[in-house]
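I have placed the structure first, in the form of structure tokens, so that the comments after it can refer back to it.
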Amino acid sequence: MPRPAPAPRRSSLTPFYVILGLVLLAGIGLLATKLKPATKEGANQGVAVTLTPDQLQRVGGISLGRVDAPITIYEFADFQCPHCAEFAAFIEPLIRQNLVETGKARYVFYEFPLGFKWSFLSARAGRCANAQGKFWEMHGMLFGRQRQWSFDPDATAQFVEYARTIPGLDAGKFEQCVRSDQFQKEVSESGQLGQSLGVQGTPTLFVNGRKVEPLPKTYSEFEAQVRQIAPGAFAGAPAAPAAAPAVGDTPGAVTGQSTQQ
Amino acid sequence: MSVARGEVGTAGVEEDYAPPPTSRMAIAVLALIGVFDAAYLSMYKLGIIGGLTCRVGSCEQVQNSPQSALLGIPVSVLGLGAYVALLALALVGVQPRFVRDRRIAQAIAAIAGVGVLFSAYLTYVEARVIYMWCQYCVISAILITLIFLLSLPGLRRARAAAS
């Protein structure tokens with residue numbers, strides 16, 4: 001009588017499937033955290049706009065200060081332009097402190113993307129922050145950390161990192177906005193307004209409609225130019241000291257309401 | 001009655017029991033990691049996601065280099081196909097009735113071997129042609145090399161079974 005064959009040994013595959021399942025879950029989780037929405041084509045490029053003189057009058061910048069202030073200062077700037085970053089670090093804070101916060105001036109920022117790699121994208125990033133009322137905070141970040149993101153192949157990721165550090169700014173919504181083509185038209189219109197006013201480089205300043213030339217190297221130079229253009233706004237006020245106090249190289253976040261002009 | 005070892009039927013299946021080799025299980029796990037690695041790069045290359053998170057190297061520049069596609073097909077997509085095939089073969093290959101299947105062992109070794117050669121070429125391109133590295137490509141090169149090394153015992157078993 002043949003001996004019955006021994007029951008075959010069966011090595012369970014369960015531990016293998018458990019490990020495979022864990023790797024699968026970890027992989028899906030990791031992939032989900034790395035997913036970034038696709039950036040739209042218009043995110044970093046302008047769109048052709050042709051505005052009539054009437055429409056140009058209504059192009060909105062981002063404004064700080066009293067609407068009825070006797071002085072209106074327009075700045076046309078590019079977040080990737082090194083001179084604009086210097087201006088934002090050394091002169092602009094003093095303009096805000098001495099002219100805007102004292103109610104003498106309203107400061108209106110207009111984008112004028114020059115054509116650096118991220119000129120247009122950074123301009124839109126400013127607008128996206130402005131949509132959440134945080135333009136000036138982002139403005140400070142973009143200028144203050146210009147060297148960090150200018151050569152980054154993924155500037156959007158850097159902008160989102162900055163957004164995370166700004167209290168009250170929803171970084172998720174901000175990223176969605178930056179990766180879309182939202183505000184493409186507004187930034188393009190701002191650029192066209194600059195062109196129509198004869199802006200050729202950045203920063204370019206206008207005080208009560210008059211182009212400020214030459215570009216001031218210090219705040220006191222600028223205030224002297226402003227006093228010439230709008231002397232009435234300084235009635236009784238002493239002139240700025242010849243040497244303006246130095247400020248840090250990172251423009252701080254400025255409190256104040258940002259509004260579309 | 002069991003079939004003697006080495007008597008592989010025409011279907012290439014031996015009926016007696018053989019425990020699933022650890023090497024093949026490891027191949028499945030590594031291939032699954034490779035699937036995610038290649039899928040991430042493929043999603044970027046196909047425009048499904050906007051950017052790559054890259055801590056080491058210049059992933060996006062590497063992915064946008066002329067050498068990142070072969071005959072119009074993104075290299076990452078080819079890699080994804082290879083890892084999916086390896087995963088499927090390894091999953092089938094751990095099933096008791098296919099453990100000694102010669103064709104599975106040969107297919108795994110062949111795909112992994114081609115993968116190693118192609119990865120060597122891509123690593124050379126990164127180091128000597130475009131002078132940029134992509135961390136995900138390096139991970140993939142390590143994975144495919146490990147898979148190839150792990151496929152060798154299976155190949156030896158298949159040869160022994162055939163002789």
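Because the structure is predicted, anything quoted here is derived from the model rather than measured. FYI, side chains are in, hydrogens and waters are out, and symmetry mates aren't considered; it's all heavy atoms of this structure. Letters A, B, ... are given to chains in the order of the sequence lines, protein chains preceding strands, and every chain is numbered from 1.
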Legend entry - chain B contact via A:Leu30 - which portion, at a heavy-atom distance below 4.5 Å: neither
Legend entry - Test side-chain contact (heavy atoms from CB on, under 4.5 Å) applied to B:Ala39 - qualifying residues, sequence neighbours left out: B:Leu80
Legend entry - Minimal non-hydrogen separation, A:Phe16 against B:Ala28, with atom names: CZ-CB, 3.6 Å
Legend entry - Candidate list A:Leu20, A:Ile19, A:Leu13, test side chain to side chain contact (heavy atoms under 4.5 Å, CB included), partner B:Met25, passing option: A:Leu13
Legend entry - Partners passing side-chain contact (heavy atoms from CB on, under 4.5 Å) against A:Leu51 (at least two apart in sequence or in another chain): A:Gln55, A:Leu56, A:Val59, A:Glu189, A:Gln192
Legend entry - Interatomic spacing from CG in A:Leu24 to CD1 in B:Ile33 - rounded to 0.5 Å: 11.5 Å
